[in-house]
Amino acid sequence: MNTIKDASTLPVNWWKASHSGAQSDCVECAVVGPERMAVRDSKRPTGPALVLSRDEFAGFIDSVKAGEL
C-alpha cells in the first residue's frame, strides 16, 4: 500500500463507490494500472489517496462489506 499526497495528480477517472452514503460520506475509487487501485475521500479531491494492489483492494472491499471498517 502506498499513499499519494494529492489524489488529483493521478491521471485516472474516479467513480463513487456504490455503497457510499447520501450524506457526502463518499469514497471514490480508480484504476491506477493493471495491478493497482486507488481510494480517496470524495470531499477532499486534492487530499491523499491510498494506492492498493488488486489483492489489497479486494481485502478492503471484503472488510467494508463485513462491517469491519
Side-chain angles (χ1 to χ4, degrees):
M1 176 172 61
N2 296 315
T3 303
I4 304 296
K5 288 185 179 184
D6 183 347
S8 69
T9 64
L10 290 171
V12 298
N13 294 316
W14 294 94
W15 74 88
K16 285 187 181 176
S18 60
H19 285 34
S20 289
Q23 302 299 319
S24 74
D25 55 345
C26 300
V27 173
E28 292 182 321
C29 304
V31 176
V32 178
E35 295 299 321
R36 297 274 180 223
M37 300 291 294
V39 180
R40 74 176 180 183
D41 181 346
S42 66
K43 296 182 299 298
R44 299 184 61 209
T46 59
L50 295 177
V51 179
L52 310 165
S53 70
R54 294 273 181 167
D55 289 340
E56 290 170 329
F57 186 75
F60 171 73
I61 298 300
D62 290 343
S63 293
V64 170
K65 287 179 178 179
E68 297 169 355
L69 299 175

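Note that the structure is predicted; figures quoted are calculated from it, not measured.
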Rounded to the nearest 0.5 Å, how far does [atom2] of [Y] lie from [atom1] of [X]?
| X | Y | atom1 | atom2 | value |
| --- | --- | --- | --- | --- |
| Lys43 | Glu28 | NZ | CD | 10.0 Å |
| Ser53 | Met1 | OG | CE | 10.0 Å |
| Leu50 | Arg40 | CG | CZ | 12.5 Å |

Minimum heavy-atom distance [X]-[Y], with the two atoms named:
| X | Y | result |
| --- | --- | --- |
| Leu52 | Phe60 | CD1-CB, 4.4 Å |
| Val31 | Val12 | O-CG1, 3.3 Å |
| Arg54 | Pro34 | NE-O, 3.3 Å |
| Ser42 | Pro45 | O-CD, 3.6 Å |
| Ala30 | Asn13 | CB-O, 3.7 Å |
| Leu10 | Ala49 | CD1-CB, 4.4 Å |

same_hphob_cluster([X], [Y]) at 4.5 Å side-chain heavy-atom cutoff:
| X | Y | value |
| --- | --- | --- |
| Val27 | Trp14 | no |
| Trp15 | Ile4 | no |
| Met37 | Val51 | no |

